[in-house]
Amino acid sequence: MSRTALITGITGQDGAYLAKLLLDKGYQVHGMMRRSSTETLERITDIREDIEIHQGDLLDQLSLVRLLEETQPTELYNLAAQSFVPTSWSQPILTGETTGLGVTRILEAIRQVNPAIRMYQASSSEMFGKVQETPQTESTPFYPRSPYGVAKVYGYWITINYRESYDLFASNGILFNHESPLRGLEFVTRKITDGVARIKLGVQDKLLLGNLEAKRDWGFAGDFVNAMWLMLQADKPDDYVVATGEQHSVREFCEIAFDTVGLKLEDYVGVDPRFYRPAEVETLLGDPTKARTELGWEPEISFEQLVTMMVEEDLQRIEREIKIGS
Ligand code: NAP
Ligand code: F7E
């Protein structure tokens, strides 16, 4: 039977990895992107001909209904969001509208067009914020620390509420930080690997960061999108923590990244309080036991492999840019 998936947020990091995974599995893949004055398809240029892109916006209910009618998906992956935590303090209303209420708009569109569509909601470890226990599991209480985290808590609960109210197949993946060479440059991992590559190639002197002691459970995006798919193949909808079960600090990430190119962090990294947050999430560590036992999900890429992969890809990209510029 041919399976059809609709991915919101297809132009983002996870959208690109998930689209590739679904194409490999034989899905017909549709992606939703919002209108912009410049091209934002950079992450999916290699599969552009294999997928269908449609315009739509989480802020526009009618566009969602129309899109579901047009594409008739069997599975919908709601990855679109305002996902950068610092921006959620400068644009809290937009973040609430997109990252929070946007989920209700998707659920309402599903109800209206076809309640049999299976839906994945991109929930986040940011919901645990000021952690109430360690490691965090599916039953750990939430304590979000940013407008982004608060909006994700709303998205999480509205997904459960629609599942219970209308019997929808709607599942939350509580995903811990996952990174890749396709990660946005403003997130700390990519900021570091891009900075390290530029320093190594002589086009940058310093790398200015915020809280070096923050700890995260970092995994590889390519591994994590597989968990999203597995959730929608399960017998029943449910909520799952997706994490590696291993924690590292921003400082450790930096050390490995600089080591990869034979340099020392102390010679290049400075702390700039501009990158501190009004309320910080100091530590996150997930327990992926449920995803492992019930879905058979396991991450394949280690922390060290992830850092090295990201540094190496940034080195190659910047080398190409330098060649083109000279
Ligand atoms: P990302 O790279 O920032 O991608 C976000 C996507 O959402 C982009 O395609 C963006 O489009 C789109 N978008 C933003 N506002 C929109 C709107 N109003 N209407 C339609 N599309 C809109 O994020 P990601 O890292 O791939 O993460 C995917 C999802 O997982 C997000 O919901 C994020 O909050 C969540 N999450 C991420 C992580 C992580 O560590 N990566 C962990 C937990 C949860 P443009 O290209 O036009 O900006
Ligand atoms: O920050 C610290 C910063 O912006 C990680 C999103 O995908 O994952 C992501 O959110 C840590 C924080 O990711 C800099 O203070 C230090 O403690 O890479 P980040 P995030 O805030 O954890 C979750 C799971 C999501 O759901 C989100 O969508 O690193 N940090 N110095 C810095 N962070 C940044 N961005 N820049 C710095 O210079």
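Every heavy atom of this structure was used, including side-chain atoms; hydrogens, water molecules and symmetry mates were not. Order of appearance sets the numbers: ligands from 1, and atoms from 1 within every ligand.
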Only distances under 3.5 Å count here; give the side-chain donor-acceptor pairs of residues 165-173 to other protein atoms, sequence neighbours excluded, each with its distance to 0.1 Å.
{"unit_1": "S165", "atom_1": "OG", "unit_2": "N161", "atom_2": "O", "d": "2.7"}
{"unit_1": "S165", "atom_1": "OG", "unit_2": "N161", "atom_2": "OD1", "d": "3.4"}
{"unit_1": "S171", "atom_1": "OG", "unit_2": "D238", "atom_2": "N", "d": "3.1"}
{"unit_1": "S171", "atom_1": "OG", "unit_2": "D238", "atom_2": "O", "d": "3.2"}
{"unit_1": "N172", "atom_1": "OD1", "unit_2": "S123", "atom_2": "OG", "d": "2.7"}
{"unit_1": "N172", "atom_1": "ND2", "unit_2": "Y156", "atom_2": "O", "d": "3.2"}
{"unit_1": "N172", "atom_1": "ND2", "unit_2": "D239", "atom_2": "OD1", "d": "3.1"}

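Remark: distances from the non-hydrogen atoms of T98 to ligand 1 include one below 4.0 Å. Ligand 1 lies within reach of Y148, whose nearest heavy atom is under 4.0 Å from it. Not a single heavy atom of Y276 lies less than 4.0 angstrom from ligand 2. The closest approach between a heavy atom of S123 and any atom of ligand 1 is below 4.0 Å. Residue R183 places a heavy atom under 4.0 Å from ligand 2. Distances shorter than 4.0 angstrom occur between a heavy atom of R34 and an atom of ligand 1.
In terms of polar-atom proximity, defined here as any N/O pair under 3.5 Å, L212 makes no such contact with ligand 2. At a 3.5 angstrom cut-off on N or O pairs, L175 does not count as close to ligand 1. Checked by distance only, ligand 2 and W218 stay at 3.5 Å or farther apart across all their nitrogen or oxygen atoms. The N/O atoms of D57, backbone and side chain alike, include one that comes under 3.5 Å of an N/O atom in ligand 1. Between L59 and ligand 1, no N or O atom pair is found at a separation short of 3.5 Å. Polar contact with ligand 1: present for R183 (N/O pair, distance under 3.5 Å).
Closest heavy-atom approach to atom 28 (O) of ligand 2 among the candidates S125, S83, G195: S83. Of the options E213, R190, E186, the smallest heavy-atom separation from atom 36 (N) of ligand 2 is shown by E186. Among N177, L209, T189, L175, the residue whose heavy atom lies nearest to atom 8 (O) of ligand 2 is N177. With R274, Q82, E126 as candidates, the residue nearest to atom 23 (C) of ligand 2 on a non-hydrogen basis is E126. Summarising the contacts of atom 31 (N) of ligand 2 with G286, S249, G210, S88, the nearest heavy atom is found in G210.
Nearest non-hydrogen protein atom to atom 5 (C) of ligand 1 is A81 O, 3.7 Å. Nearest protein neighbour of atom 19 (P) of ligand 2, counting heavy atoms only, is R277 NH2, 3.7 Å. Looking only at protein heavy atoms, the nearest one to atom 5 (C) of ligand 2 is V188 CG1, 3.7 Å. Of all protein heavy atoms, the one lying nearest to atom 19 (N) of ligand 1 is L58 N, 3.0 Å. Among all protein heavy atoms, the one lying closest to atom 10 (C) of ligand 1 is T11 OG1, 4.0 Å. Atom 12 (C) of ligand 2 has as its closest protein heavy atom R216 NH2, 3.4 Å. Taking atom 10 (O) of ligand 2 as the reference point, the nearest protein heavy-atom neighbour is V85 CG2, 3.7 Å.
In this structure, M32 and L58 approach most closely via the heavy-atom pair CE-N, 3.9 Å.
By the criterion of a heavy-atom distance under 4.0 Å, the side chain of E280, and not its backbone, is placed next to ligand 2. Residue contacts with ligand 1, taken as heavy atom pairs separated by less than 4.0 Å, involve D14 via backbone and side-chain atoms alike.
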### Query
For W297 and F224, what are the C-alpha separation, side-chain angles and deciding distance, and is it a ring pair (Phe, Tyr, Trp, His ring centres under 6.0 Å)?
CA-CA 9 Å; W297 179 80; F224 279 42; 5.3 Å; yes
